[in-house]
Amino acid sequence: MRLGRTRVIVLATRGIRLSGGVLMQRTLAAEVPGRVGERVLLKGWAHAVRMLGKVGFLVLRDRSGAVQAVLEDQERTLRALPAGSAVALRGVVAKEPRAIGGVELRQVELELLSPAAPALPFEVNRPEIAAGLDALLDHRVLSLRHPRTAAVFRVQAELVRAFREGLRARGFLEVHTPKLVATGTEGGAELFSVDYFGRPAYLAQSPQFYKQMLVVAGFERVFEVGPVYRAEDHDTSRHLNEYLSLDLEMGFVDGLDDLLELEESLLEEMFAAVTAHAADALELWGAEVPRVRGIPRLRLDEARALLKTCCGHETPAGNLDPEGERLLSARVASEHGSDFVFITHYPAAARPVYALPDPSRPDLTLSFDLLFRGLEVTTGGLRIPCGETLRCRMRERGLDPTNFAPYLEAFDYGMPPHGGMAIGAERLTMKLLGLANVREASLFPRDRARLAP
RNA sequence: GGAGGCGUGGUGUAGUCGGUUUAACAUACUGCCCUGUCAAGGCAGAGAUCGCGGGUUCGAGUCCCGUCGCCUCCGCCA
């Protein structure tokens, strides 16, 4: 940047040349209140245009927020400006009590950078978008313009960031495992098939095997934030066929409590991060951040007995049905004031082959689910560390261990006691904000019917 | 894979035990009026053969069958 000429080029890409021919640095809407009296350049979208005869108001929205501009005697310009268009504005910042935020832009020059269609599929400049979920997802780039919709993803970004930072601080390594795989983790029933140069392959339904392999590889503690794929033919408000899994696995654990305490701490940090960095997003949804510390722990059989005595609800053996999950969560909330509840000791038959049996009750596993406001948001547990035991279990389930040879090899090289978990990012976001459908917590959701956008 | 429900202008809805409607309302859109709007307001206008196909009937947005799409739930799962 020492050459004068280079410097000019850099400035030219950052600034914009308006009619006056003067280069200006861009100011963000959120910075405007601090620039009273200055002439500034703003870029963004025409969020709303209101005309009152010779005076007109244009609300410009950019990534930081919104600011109002007043245009006098520019009727023709404003009439030719469809809401949603990309614009650049130059004007003087003035204090104005009548404007929201106390400041507005005056003596405005308006440049239309790119017009929006005259009639949008739905209005995004209202407190709420009046459109069905299907319309919102069909025109996702537009629905995401709405501050409330965008807030969902600012919250999700904070959750994910804090998950990462919390694990890094605890000595976990972030890893990236293949999404194209030769075998599934559960046996192959719910996998998407892919043609891999003429060979059958699948989209990974979980990074499970790779996480465990990386534990024994010497990393001890690994985590991954990545998509997983489920070819389940389900169609509900809480299922996606591609979702973001917050996965972790750690070696040398002493017991199930290590995992439960880790998750409790992580969730506490994740929610704290949302409160600290996206409080306004929470407010847009009227969301209350729950207390995390002291999550009640119930064994599955205890939970089922409680449901029967308290709610008269019979659940099928081996798992809680969705109705049972909701009833149990409500019960725990009223009794213990917790929006969360850990359910532990699921039967081996209801868990994957690698789940570690409880030594005192070999028909049960040292595994857990975490329910958050009536919905399962995490599954985890300790894993079988012995290759020979795993081979036996696979055969019992009709699986051929030779199909899992690369995974099983890991157990030949000193696999420590280990365990881990996976948190569904969209479900966590959904329940935190009180969204009605998990699709709202996915930018571009994939479900049984939707493959685009 | 199973069960239930719903498809009406761009969007969101009303009308549905068949018949007085040229299918209504809100909003968006177009034109005009308006110098403090911020869910702006006022006046005027355009826009839907009521998802599609077939049937019953003198008559179907309304009833029946099929089909497609969507929603909710269940199994399963994060």
5'-most by nearest nucleotide on RNA chain B - A:Glu232 or A:Asp134: A:Asp134
Pair A:His277-A:Arg161, side chain to side chain donor-acceptor pair (under 3.5 Å): steps then yes or no: CA-CA 11 Å; A:His277 303 293; A:Arg161 187 175 66 83; 3.3 Å; yes
A:Glu325 CD to B:C76 P, straight-line distance once rounded to whole Å: 11 Å
Just checking A:Gln68: base, sugar-phosphate only, or nothing, at a heavy-atom cut-off of under 4.0 Å? base
With a non-hydrogen cut-off below 4.0 angstrom, is A:Asp321 in contact with a base, only sugar-phosphate, or nothing? sugar-phosphate
Rounded distance in Å between the C1' positions of B:G41 and B:U20: 35 Å
Any base atoms under 4.0 Å from A:Asn437, or only sugar-phosphate, or nothing? Heavy atoms, all strands. sugar-phosphate
Mind jotting down which residue pairs meet the side chain to side chain donor-acceptor pair (under 3.5 Å) criterion with at least one end in residues 368-378 of chain A? Sequence neighbours excluded, please. A:Glu263-A:Thr378, A:Asp339-A:Arg373, A:Tyr346-A:Asp369, A:Arg351-A:Asp369, A:Asp369-A:Thr379, A:Glu376-A:Thr379
Nucleic acid footprint by protein, nucleotides 5-12 of chain B - heavy-atom cut-off 4.0 Å, B for base, S for sugar-phosphate alone: -----BSS
Does a nitrogen or oxygen in the side chain of A:Thr379 sit under 4.0 Å from OP1 or OP2 of B:A78? yes
Mind checking A:Ile100 for me? I need base, sugar-phosphate or nothing, with any heavy atom below 4.0 Å counting as a touch. base
Any salt bridge between A:Asp400 and A:Arg395, counting N to O under 4.0 Å? no
Let me know the distance between CG of A:Leu320 and P of B:C74, rounded to the nearest Å. 13 Å
Pairs involving residues 55-74 of chain A, ordered by first then second residue, that meet side chain to side chain donor-acceptor pair (under 3.5 Å) (sequence neighbours left out): A:Asp62-A:Ser64, A:Gln68-A:Glu104
When all nucleic acid strands are considered with a 4.0 Å heavy-atom cut-off, which category describes A:Leu375: base, sugar-phosphate, or nothing? nothing
Would one find more than 12 heavy atoms of other residues, nucleotides or ligands at under 6.0 Å from atom CZ of A:Phe219? no
If you measure from the C1' atom in B:U57 to the same atom in B:G19, how many Å do you get, rounded? 12 Å
Evaluation steps, salt bridge (Lys or Arg N to Asp or Glu O under 4.0 Å), between A:Glu165 and A:Arg168: CA-CA 5 Å; A:Glu165 289 178 0; A:Arg168 282 173 53 92; over 6 Å; no
Have a look at A:Ala99 and say if it touches a base, only the backbone sugar-phosphate, or nothing, with a 4.0 Å heavy-atom cut-off. base
Can you confirm whether A:Arg76 is buried at CZ, in the sense that more than 12 heavy atoms of other residues, nucleotides or ligands lie under 6.0 Å from that atom? no
I need the CG-P distance between A:Asn125 and B:C38, as an integer number of Å. 13 Å
What's touching nucleotides 30-34 of chain B from the protein side, N or O pairs under 3.5 Å?
residue : atom : partner : partner atom : Å
B:C34   : N3   : A:Gly53 : N            : 3.2
B:C34   : N4   : A:Gly53 : N            : 3.4

Just how far, in rounded Å, is C1' of B:U35 from CZ of A:Arg106? 12 Å
Could you give the distance separating B:U16 and B:C33 at their P atoms, to the nearest angstrom? 42 Å
Should A:Thr149 and A:Leu136 be marked as a side-chain contact (heavy atoms from CB on, under 4.5 Å) after you check the CA-CA gap, both sets of side-chain angles, and the distance that decides it? CA-CA 10 Å; A:Thr149 316; A:Leu136 300 183; 6.0 Å; no
Give me the distance, rounded to whole Å, that separates B:C76 from B:G54 when you measure between the P atoms they each carry. 43 Å
OP1, OP2 of B:C71 versus side-chain N and O of A:Ser237: anything below 4.0 Å? no
By nearest-heavy-atom nucleotide on RNA chain B, the more 5' of A:Ala48 and A:Phe57 is A:Phe57
In whole Å, measure the gap between the C1' atoms of B:G47 and B:U22 for me. 15 Å
Between A:Ser143 and A:Ile129, is there a side-chain heavy-atom distance shorter than 4.5 Å? yes
Do any of residues 138-153 of chain A sit with a heavy atom less than 4.0 Å from RNA chain B, and if so which? none
Residues A:Glu96, A:Arg106: salt bridge by 4.0 Å N-O rule: yes
For B:G61 versus B:G7, give the span between their P atoms, rounded off to a whole number of Å. 15 Å
I would like to know whether A:Thr344 and A:Leu300 meet side-chain contact (heavy atoms from CB on, under 4.5 Å); could you show each step before the answer? CA-CA 6 Å; A:Thr344 65; A:Leu300 179 64; over 6 Å; no
With a 4.0 Å limit, can you tell me whether A:Arg50 has a side-chain N or O closer than that to the phosphate oxygens OP1/OP2 of B:A40? yes
Can we say A:Arg450 and A:Glu242 salt-bridge, meaning some charged N sits less than 4.0 Å from an Asp/Glu carboxylate O? no
May I ask you to evaluate whether A:Asn319 reaches the phosphate of B:C77, defined as a side-chain N or O under 4.0 Å from OP1 or OP2? yes
Tell me the interatomic distance from A:Leu58, atom CG, to B:A40, atom C1', rounded to whole angstroms. 15 Å
Check: A:Arg331 and A:His336 side chains under 4.5 Å, non-hydrogen atoms: no
Once you round it to whole Å, what is the distance between P of B:C77 and OH of A:Tyr243? 11 Å
Can you check the distance between B:U67 and B:A24, where both ends of the measurement are the C1' atom (answer in whole Å)? 30 Å
Worked verdict on A:Glu314 versus A:Lys308 for salt bridge (Lys or Arg N to Asp or Glu O under 4.0 Å): CA-CA 6 Å; A:Glu314 296 264 8; A:Lys308 194 171 176 182; 3.5 Å; yes
Is the shortest side-chain N/O distance from A:Arg448 to OP1 or OP2 of B:G69 below 4.0 Å? no
Among A:Leu244, A:Leu370, A:Leu267, A:Val160, whose side-chain contact (heavy atoms from CB on, under 4.5 Å) with A:Leu428 holds? A:Leu267
Categorize A:Glu104 for me: base, sugar-phosphate, or nothing, with a 4.0 angstrom heavy-atom threshold over every strand shown. base
Rounded distance in Å between the C1' positions of B:A48 and B:C63: 22 Å
A:Arg126 vs B:A28: side-chain N/O to OP1/OP2 distance below 4.0 Å: yes
Could you check how far NE2 of A:His239 sits from P of B:G1, rounded to whole Å? 15 Å
Quick one: which of A:Glu220, A:Gln212, A:Arg383 gives a side chain to side chain donor-acceptor pair (under 3.5 Å) with A:His418? A:Gln212
So what stems show up for RNA chain B if we need 3 or more Watson-Crick or G-U pairs in a row, all under 3.5 Å? B:1-7 with B:68-74, B:10-13 with B:24-27, B:29-33 with B:41-45, B:51-55 with B:63-67
A:Phe271 and A:Phe372 aromatic ring geometry - parallel, tilted or perpendicular at 30°/60° bounds: tilted
Can you tell me how far P of B:C77 sits from CZ of A:Arg326, to the nearest Å? 16 Å
